Amino acid sequence: MSEETNTYDVRAVEEKWLPVWDRIDPFRADDAAALAGKPTKYALTMFPYPSGDLHMGHAEVFALHDVISRYWRFRGFEVLNPMGWDSFGLPAENAAIRNDTHPATYTYGNIETQYSSMKRYGVSFDWSRRLHTSDPEYYRWTQWLFLLMHERGLAYRKKSPVNWCPQDQTVLANEQVLADGTCERCGAVVTKRELTQWYFKTTAYAQELYDCLDDLQDTWIGKVVNAQRNWIGRSEGAHVDFALNLADGSTKDVTVFTTRPDTLYGATFMVVAADAALAAEIVAPDKRADLDAYLDEVRKASDIDRLATDRPKTGVDLGITATNPVSGEQVPVWAADYVLADYGTGAIMAVPAHDQRDLDFATVMGLPVRMVVDVEGAEDPAVSSVATTGDGTYVSSGPLDGLTDKASAISQMISVLEERGTGTGTVNFRLRDWLLSRQRYWGAPIPIVHCDKDGEVAVPLDQLPVELPELTGSDLRPQGTSPLGGATEWVETTCPTCGGPARRDTDTMDTFVDSSWYFLRFVSPNLDSAPFDEALAQAWGPIDLYIGGDEHAVLHLLYSRFFTKVLRDAGLITWDEPFSAYLSQGKVINNGRKMSKSLGNGVNVAEQLEEFGVDAVRLTLVFASPPEDNIDWADVSPAGSQKFLQRAWRLSGDVTSAPGVDVSTGDVALRRLTHKTVAEAEQLVESYRFNVVVARTMELVNATRKAIDSGCGGADPAVREAVEAVAMLLSLVAPYTAEEMWERLGHEPCVAQATWPVVDPALLVEESVTAVVQVKGKVKGRLEVAPDISEADLEALALADPGVQRAIDGATVRKVIVRAPKLVNIVV
RNA sequence: GCCCCCGUAUCCCAACGGCAGAGGAAGCCGCCUUAAAAGCGGCACAGUGUGGGUUCGAGUCCCACCGGGGGCACCA
């Protein structure tokens, strides 16, 4: 074999095919076909933020995503596979301040860099649908959707303590504050500020967002469903009304939320959140100073302190009592910071015997502890200081006395409360409304005008987009208020209602708003009369498979689900969930560590592509592990991938039969393997086991090599059939190599438009199979039998086998399990 | 503390409840070569984290524990 035919030049092949693919444009999604009812698939991978060039994570997710997209096209679906950029956001703004430029400079420069990298990476995107969320043509519709939310009562302003990042000088959503109380973006310690901010009412859909997770259980990766469930945090319980006996002699009803209404007789005090308005309202006059002092103390505590779950309980007696609605008992009312103002009703009934937090508080404050559930084998919590939460016998609990089962005690107490009108069974959620306003420049302006006379007025739809004023460099420096406020000419406007002077809202939207609906814009990215074409959304959507990173397991997916439900209720789409299936890719790490600049262990994609070529890098990422597992770059071998690709490619030079040759006369053994491989690959791709698809392709390559060198030879039609199958399988992962093979096999470009092999079921049936004969579960013999052998025949053959007879050794055969044609197990 | 996922050879990973090994990496030995690389052929390496259970049969199903990863967390 000469040098020239032994390897191909990776670089030259990449240069060769890019313009050809541009000309053929095989991946353009045909709207007309979709509307005409051709079966469609919508494949989507999370669009990137344009920060510099692509990194390994992008390389991985695009490679995985392309397997399924290309496969669907092969299987005859009209595939929508679009790509764009999530191009609003802080890094561009910070770069603009640093370099005294406009954020657009950084943003669109990076987009062009990423675009050319993505083109070369060979992903089957339909580039005609490219979009950028920072284009006015796009954010016009983001604003339109904000106004839709506003009109439906789902966008509102309220003043409340919000997360404030002193570094980024902006508010953050709960979702953007990490568990350790730091900003997810810059790592600064987040503080609280009392501010008026815009919210989307995600809580209005809490129940449905939670319930629909059941439908996604089997098609979404489990950990993400779990994360969503935990985030929404549904808990069943009851609202119970306590009457407060205020210092001035009046009474006031206060509702508490509890998951344990069955322990109501054990409530020995009540606690309200110290920072809730209620505390200040109900405190007895002689205790007001105590409360104020306590509040000062609480506010001084940093979020990090607040988050420590094991710190000692603190609180203050409010000097009033509450009446237990079932026992009539008077219990003291306290204020404490272990009760949260924004969860439930901001007030609890404290049952120290059966809740550890309440018990800790009672111990510190010397409050009584009364056991009402006697758990067998457990000490009285009043003595042990360990609250019991399990099932037990109810005591001192009026109508519940003698019950032994928590579930029925709960439902019985709820019935009692509902009969008396002092409580009701209810469900509470951890999910809060979505704080969406940001005091930053590079985002979609909130399309609201504030008028002294008319208040909050929506910008009329025909005046959208509210375009960003041109601000650059130091204009964008964070000052705690939105940079837009400095654009006086832009801010000063007229009220759409009365025509009088008014001011534009100067906040911009969280960039998660932009990405909550981009998948809909892709169905009609250039439409200028609506955010998206409803008929096309119906034809293409919902997304058949969405692939992305775990970092968006809660936020982006939840927000997109929320938008989908709102748009459905507004009648714009018909489906309930945006992503029918979701797969998250693992991380690419290096040497057991996350890649990072500070560790100096980053792997540069461009360098890897330079050294090994696009196909080898893609193959490495797909083959390394199941999609959701992490890939340690130190454990994998792009050089090995490159060798395999050359090996596969070499096959195409050894095929000497002509294209279109009748394969039916070809070598049966090789044909069997080809058809079996294709059949298995179909199953494997459809279940996202892409790494195994590659392994199966490797087997077919190995077998074909053997057939050429020491079997039927390169002229056998079966070899052509096998190599063509290899080219198509390989094109899912290594499009350049596959294209080159396809050409060498004598075909016109491109392989993406080739006809997927039709599996012949007759070739999947083996001529003979090896049946294993076990005696007491241990293998004692093997039989070559026909695949359609009857159970009786197989049993007879097995019992007649001399090796088996020896193993039975005259013992009585008690039972024979036959699984024709693979196995017989003889029990003696 | 509560909830999910995962533990198979030196490493990455396969294995409808039915012979633990498909594929790859690294290693070793040949062939080829003036030599090296590439290529071709071969060798070796685990009884599936631990302990129980179900079953004719368990890596696979159930229970407990250990280890790793992730989500939530003074959320009543």
Side-chain angles (χ1 to χ4, degrees), chain A residues 1 3 6-7 179 221-235 237 256-260 263 271 273 306-311 313 336-340 342-351 354-358 360-361 389 428-432 550 553-554 584 586-587 619-620 623-626 628-632 634-641 643-644 646-647 650 680 683-684 689 691-702 705-706 709-710 770-782 814-819 822-828:
Chain A
M1 197 182 284
E3 290 258 327
N6 201 18
T7 57
I221 186 160
K223 62 178 169 181
V224 173
V225 175
N226 184 247
Q228 296 256 324
R229 274 215 179 90
N230 287 338
W231 188 261
I232 297 168
R234 182 181 194 273
S235 64
V256 303
F257 173 72
T258 177
T259 55
R260 294 296 305 276
T263 61
V271 187
R306 268 188 81 101
L307 285 161
T309 54
D310 54 354
R311 82 199 156 95
K313 294 278 182 290
D337 67 351
Y338 83 92
V339 172
L340 306 178
D342 58 353
Y343 181 77
T345 60
I348 63 158
M349 63 179 215
V351 184
H354 306 296
D355 182 293
Q356 191 61 47
R357 295 156 301 183
D358 296 343
D360 293 344
F361 190 81
T389 56
N428 203 44
F429 294 93
R430 203 199 70 95
L431 184 73
R432 313 296 210 267
D550 286 341
V554 175
S584 60
K587 291 183 193 42
L619 181 77
T620 302
F623 180 52
S625 69
E628 63 274 21
D629 286 6
N630 287 347
I631 296 171
D632 193 330
D635 288 336
V636 297
S637 171
S641 299
K643 276 177 8 185
F644 165 70
Q646 296 284 2
R647 212 168 119 74
R650 230 176 287 123
E680 277 188 49
Q683 295 299 311
L684 291 165
R689 287 183 291 164
N691 55 325
V692 190
V693 176
V694 174
R696 294 283 175 268
T697 307
M698 286 172 169
E699 286 178 67
L700 183 56
V701 167
N702 292 344
R705 180 80 263 157
K706 204 168 270 179
D709 290 347
S710 55
T770 306
V772 175
V773 186
Q774 301 174 331
V775 176
K776 291 203 297 182
K778 299 230 162 60
V779 179
K780 295 296 177 185
R782 287 157 216 274
R814 294 202 348 243
K815 195 173 178 184
V816 181
I817 289 107
V818 185
R819 293 285 177 272
K822 304 274 283 196
L823 178 131
V824 179
N825 189 10
I826 297 160
V827 188
V828 294

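As the structure is a computational prediction, the values presented were derived from the model and not from experiment. So that the names make sense, note that chain A is the first sequence line, chain B the second, and so on, each numbered from 1.
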> With syn defined as a glycosidic torsion within 90 degrees of 0 and anti otherwise, which applies to rG51(B)?
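The base of rG51(B) is oriented anti (glycosidic angle more than 90° from 0).
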> Indicate whether OP1 or OP2 belonging to rA76(B) is found under 4.0 Å from a side-chain N or O atom of Tyr343(A).
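True: Tyr343(A) side-chain N/O within range (under 4.0 Å) of rA76(B) OP1/OP2.
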> Using 4.0 Å as the upper bound for N to carboxylate O, is an ion pair formed by Asp337(A) and Arg311(A)?
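Between Asp337(A) and Arg311(A) there is a salt bridge, with a charged N closer than 4.0 Å to a carboxylate O.
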> I'd like to know if Asp355(A) and Arg260(A) make a salt bridge, using a cut-off of under 4.0 Å between side-chain N and carboxylate O.
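No, no charged N to carboxylate O under 4.0 Å.
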> Check nucleotides 15-19 of chain B for protein N or O atoms closer than 3.5 Å to its own N or O atoms and list the pairs.
from, atom 1, to, atom 2, distance (Å)
rA15(B), OP1, Arg689(A), NH1, 2.6
rG18(B), O6, Arg819(A), NE, 3.4
rG18(B), N2, Gln774(A), OE1, 3.1
rG18(B), N2, Asn825(A), ND2, 3.0
rC19(B), O2, Arg782(A), NH1, 2.1
rC19(B), O2, Arg782(A), NH2, 2.8
rC19(B), N3, Arg782(A), NH1, 2.6

> Protein-nucleotides 38-44 of chain B N/O pairs closer than 3.5 Å?
from, atom 1, to, atom 2, distance (Å)
rC40(B), OP1, Arg647(A), NH1, 2.3

> Sticking with atom C1', work out how far rC4(B) lies from rG41(B), rounded to a whole angstrom.
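Pairwise C1' distance, rC4(B) against rG41(B), rounds to 47 Å.
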> Whom does rG27(B) pair with, Watson-Crick or G-U wobble, provided both distances fall under 3.5 Å?
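Because both required distances fall under 3.5 Å, rG27(B) counts as paired with rC43(B).
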> What is the nucleic acid contact for Ser235(A), judged by heavy atoms within less than 4.0 Å: base, sugar-phosphate only, or nothing?
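Ser235(A): backbone/sugar contact only, no base atoms under 4.0 Å.
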> Measure the shortest side-chain to side-chain distance between Asn230(A) and Arg430(A) over non-hydrogen atoms and say whether it is less than 4.5 angstrom.
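SC-SC contact between Asn230(A) and Arg430(A) ruled out.
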> If I pick the C1' atom on rC43(B) and the same atom on rG49(B), what distance separates them, to the nearest angstrom?
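The answer is 30 Å between these two C1' atoms.
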> Can you find a donor-acceptor pair, distance only, under 3.5 Å between Asn630(A) side chain and rG69(B) base?
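Between rG69(B) and Asn630(A), which were checked side chain against base, a qualifying N/O pair under 3.5 Å is absent.
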> Quote, to the nearest angstrom, the C1' distance that separates rG59(B) from rG18(B).
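rG59(B) and rG18(B) have their C1' atoms separated by 13 Å.
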> What's the CG-P distance between Asn226(A) and rC5(B), to the nearest Å?
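Spelled out: CG on Asn226(A) to P on rC5(B) is 8 Å.
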> Going by side-chain hydrogen bond (donor to acceptor under 3.5 Å, both in side chains), name the residues that satisfy it together with Arg782(A), two or more places apart in sequence or in a different chain.
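Arg782(A) satisfies side-chain hydrogen bond (donor to acceptor under 3.5 Å, both in side chains) with no other residue.
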> Any side-chain donor paired with an acceptor under 3.5 Å for Tyr338(A) and Asp360(A)?
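Distance-only check fails for Tyr338(A) and Asp360(A).
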> When the distance from NZ of Lys223(A) to C1' of rC5(B) is rounded to whole Å, what number comes out?
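So the NZ-C1' distance, Lys223(A) to rC5(B), works out to 8 Å.
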> With rounding to whole Å, what would you report as the distance between rC45(B) and rA38(B) at their P atoms?
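My reading of the P atoms in rC45(B) and rA38(B) gives 26 Å.
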